[in-house]
Amino acid sequence: MGLDKHKRMISNNYTQWVSTLPCSECGIDDDTVVAHHLKGIYSPLSGGAGVKASDYFTMPLCYKHHTAIHNGDKDLLEWQPYYILVTLDKAFKGGVILFYDK
C-alpha cells in the first residue's frame with residue numbers, strides 16, 4: 001500500500017505575499033526574499049519526485065538561506081514546519097487567508 005497522492009494547491013497571490021515578508025531565518029527584508037516550498041520532510045505533503053509542495057506550505061527565505069536549505073542545511077530543514085506555521089499564522093491574522101466559523 002503506497003502513500004496517497006496529494007493534489008498540489010497553487011496560489012500565486014499567496015506565494016507573492018510570502019515573498020514580501022522578512023526572511024524566516026535571519027529577518028532580512030529585501031528583494032532577495034522568496035517563498036520557499038517545504039522540502040525533504042513530511043512526504044507526500046512536501047511533494048517528491050520533482051513535484052513541489054503546495055503553495056500554502058511555504059515560508060519566506062532570503063537568497064542566502066534559500067540556497068543553504070537547498071544545499072541540505074539540516075537545521076533549516078528541521079525548522080521548516082515551524083517557519084511555515086508562523087507564516088500561515090501571519091496570513092490568517094492578516095486576512096490573506098480567510099476562514100469561516102460555522
Could you check whether any side-chain heavy atom of [X] comes within less than 4.5 Å of a side-chain heavy atom of [Y], counting everything from C-beta outward?
| X | Y | answer |
| --- | --- | --- |
| I10 | N12 | yes |
| I69 | Q80 | yes |
| H65 | C26 | yes |

request  = Tell me, yes or no, whether the heavy-atom count around Y82 atom OH, taken from other residues, nucleotides or ligands under 6.0 Å, exceeds 12.
outcome  =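 Result for OH/Y82: open.
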
Which pair of non-hydrogen atoms, one from [X] and one from [Y], has the smallest distance, and what is that distance?
| X | Y | value |
| --- | --- | --- |
| G27 | P22 | O-CB, 3.4 Å |
| I28 | C62 | CG2-CB, 3.4 Å |
| T87 | P60 | OG1-CD, 3.3 Å |
| T20 | W17 | OG1-O, 2.5 Å |
| L77 | P81 | O-CD, 4.1 Å |

Report yes or no: do [X] and [Y] belong to one cluster of Ile/Leu/Val/Met/Phe/Trp/Tyr joined by side chain heavy-atom distances under 4.5 Å?
| X | Y | result |
| --- | --- | --- |
| L88 | L76 | yes |
| V86 | M59 | yes |
| Y14 | Y100 | no |
| I97 | Y83 | yes |
| V96 | F92 | yes |

inquiry  = Nearest 0.5 angstrom please: I84 CD1 to L38 CG, how far?
reply    =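 It is 4.5 Å, given to the nearest 0.5 Å.
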
request  = Please round to the nearest 0.5 Å and tell me the distance separating atom OG1 of T15 and atom NE2 of H37.
outcome  =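 Here the rounded value is 6.0 Å.
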
task = Mind running side chain to side chain contact (heavy atoms under 4.5 Å, CB included) on E25 and H36 for me, showing each step along the way?
result = CA-CA 12 Å; E25 179 67 11; H36 165 74; over 6 Å; no

query = Okay, side chain of S24, backbone of L61: is any donor-acceptor separation there less than 3.5 Å?
reply =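 No; judged by distance alone, with no hydrogens or angles, the pair does not exist.
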
